[in-house]
Amino acid sequence: SIKSGIKLKRSSITTVQKSIRRSITANMSHSPQVICLGNPLLDIQADVDAAYLEKYALKANDAILVDANSGDKRMEIYEEVIKKPNVHFVAGGAAQNTARGAAYVLGPQKVGYFGSVGQDTYADKLLAENETAGVASFYQVQKSVGTGKCAALITGHNRSLVTDLGAANHFTPDHLDAHWDKVEAAKLFYIGGFHLTVSPDAICKLGKHAQESGKPFILNLSAPFIPQFFKSALDQVLPYTTYVIANESEAASYAESYGLTCSKDDLEAIAKHIVGDSTQRTVIFTHGLEPTVVVSNQGTKSVPVKPIAGEKIVDTNGAGDAFAGGFLAGLAQGFDLLKSIDLGQWLAALSLQEIGPSFPKTKVQY
Ligand code: 26A
């Protein structure tokens with residue numbers, strides 16, 4: 001089984017419960033500046049070849065969901081990937097990666113994270129990683145569903161992400177109520193667009209609070225399938241956003257889903273559509289090594305990327321999340337837009353040089 005393949009120390013359910021309770025209690029006196037909401041996942045990462053991707057009809061650079069209950073053949077991937085010689089178990093979940101990234105810059109207890117986990121060793125590992133990173137975990141704990149997992153299948157500089165959401169799919173808005181004091185004390189909010197598949201109501205609840213209190217509300221589109229298949233949820237949430245972050249393939253998917261007549265490569269035109277007539281919203285499109293495109297009603301800016309040497313890149317899993325983490329940390333420190341983007345690019349470069357969505361063990365100063 002997956003569990004027997006994992007070389008994590010086993011601990012009993014009570015220990016998990018205790019440690020989760022301990023984590024929350026330990027952080028009670030702190031109020032994070034930044035609150036993130038997403039799907040906590042453990043990444044099971046390994047190198048594969050093109051034939052392996054083809055076997056399951058996976059694109060080299062994509063993120064998809066599998067349904068554990070529908071007899072999807074791709075559930076086999078998890079069993080297979082843990083047997084690969086170069087397998088790594090690393091903390092994942094896009095918004096959780098961003099939270100750890102922001103904490104890497106801001107220091108301990110400045111970032112809080114909401115999401116739903118099970119009672120198992122995977123949750124143990126995620127909680128421990130958040131603690132090490134200085135992220136306060138406000139986990140909702142499901143008794144009878146396992147923690148979500150993501151097979152991160154690496155080919156060269158591409159990563160194909162195959163996710164079984166598990167417990168992450170059971171997050172409910174009332175869990176926010178349980179920690180509403182933290183929400184009220186926070187300065188800004190970050191939502192992984194992936195969470196649009198789970199609880200648009202929870203996102204809107206945070207969005208309403210942010211809007212009423214004039215706090216930044218940042219949404220990442222996360223993956224092409226989000227604008228494609230979760231358009232109505234996206235429509236519900238977009239009005240609350242003050243920043244929308246996406247990459248070029250998510251932008252293209254947005255253009256197609258919303259029937260834009262411009263070219264799918266015209267990032268500026270697509271961003272303008274998302275900005276609409278809002279005077280509050282800024283859209284930020286990353287584009288790999290191409291300049292980052294920044295659009296608001298103030299106009300358009302193009303921010304060049306400082307490339308790192310190709311041989312320094314370990315893998316691209318989590319690079320976009322790290323960009324968002326640096327950007328959040330910039331906003332939280334009161335940096336202006338362009339400096340916050342520069343901090344995002346800097347943090348992405350650090351993550352590219354680590355295994356999976358991770359950051360250097362020792363602190364590097366921006
Ligand atoms: C709902 N889905 C598909 C997902 C994800 C996800 N995080 C939340 N929800 N699919 C992949 N990821 C995470 O994305 C990170 C890279 O950006 C992976 O766990 C990986 O760490």
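When a ligand or atom number is given, it counts from 1 through the structure's own listing order. Remember, predicted model here, so these are calculated numbers, not experimental data. Heads up: numbering here begins at 1 and tracks the sequence.
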Of D321, D43, V198, the one whose closest heavy atom lies nearest atom 20 (C) of ligand 1 is D43
Under 4.0 Å from one or more heavy atoms of G92, ligand 1 contributes atoms 19 (O), 21 (O)
**Request:** Indicate yes or no: does an N/O atom of I64 lie under 3.5 Å from an N/O atom of ligand 1?
**Result:** no
Is it the case that atom NZ in K231 sees more than 12 heavy atoms from other parts of the structure closer than 6.0 Å?
yes
shortest atom 7 (N) of ligand 1-to-protein heavy-atom contact is with A94 N, 3.1 Å
Here the atoms of ligand 1 under 4.0 Å from any heavy atom belonging to N97 are 15 (C), 20 (C), 21 (O)
- Message: Check the orientation of Y366 and W346. Use parallel for under 30°, tilted for 30 to 60°, and perpendicular for over 60°.
- Response: perpendicular
- Query: Do T241 and R281 meet the criterion of a side-chain donor-acceptor pair at a distance under 3.5 Å?
  - Reply: yes
Here the atoms of ligand 1 under 4.0 Å from any heavy atom belonging to P357 are 21 (O)
Is a side-chain donor-acceptor pair under 3.5 Å present for S70 with D72?
no
For this session: Establish, from distance only, whether the side-chain atoms of Q142 and S116 form a donor-acceptor pair under 3.5 Å.
Result: yes
Exercise for the section: Run the contact test for G38 against ligand 1 with a 4.0 Å cut-off on heavy atoms, strictly below, and give the result. Expected result: no
If we number the atoms of ligand 1 from 1 as shown, the ones under 4.0 Å from a heavy atom of N39 are 1 (C), 8 (C), 9 (N)
Does ligand 1 have an atom that lies less than 4.0 angstrom from a heavy atom of G93? yes
For N317, the ligand 1 atoms with a heavy-atom partner under 4.0 Å come out as 15 (C), 16 (C), 20 (C), 21 (O)
Near C150 (heavy-atom distance under 4.0 Å), the atoms of ligand 1 are 11 (C), 18 (C), 19 (O)
the protein heavy atom lying closest to atom 8 (C) of ligand 1 turns out to be F194 CD1, 3.3 Å
When distances are taken from atom 11 (C) of ligand 1, the protein heavy atom at minimum range is T163 OG1, 3.3 Å
Practice item. May I ask you to decide whether K306 forms a salt bridge with D342, counting only side-chain N to carboxylate O separations under 4.0 Å? Key: yes
Within 45° cone and under 6.0 Å: K84 NZ/CZ vs Y52 ring
yes
Which of D124, T121, D120 passes side chain to side chain donor-acceptor pair (under 3.5 Å) with T147? It is D120
Self-check item: Pi-cation contact, Y240 with K208 (under 6.0 Å, within 45°)
Solution: no
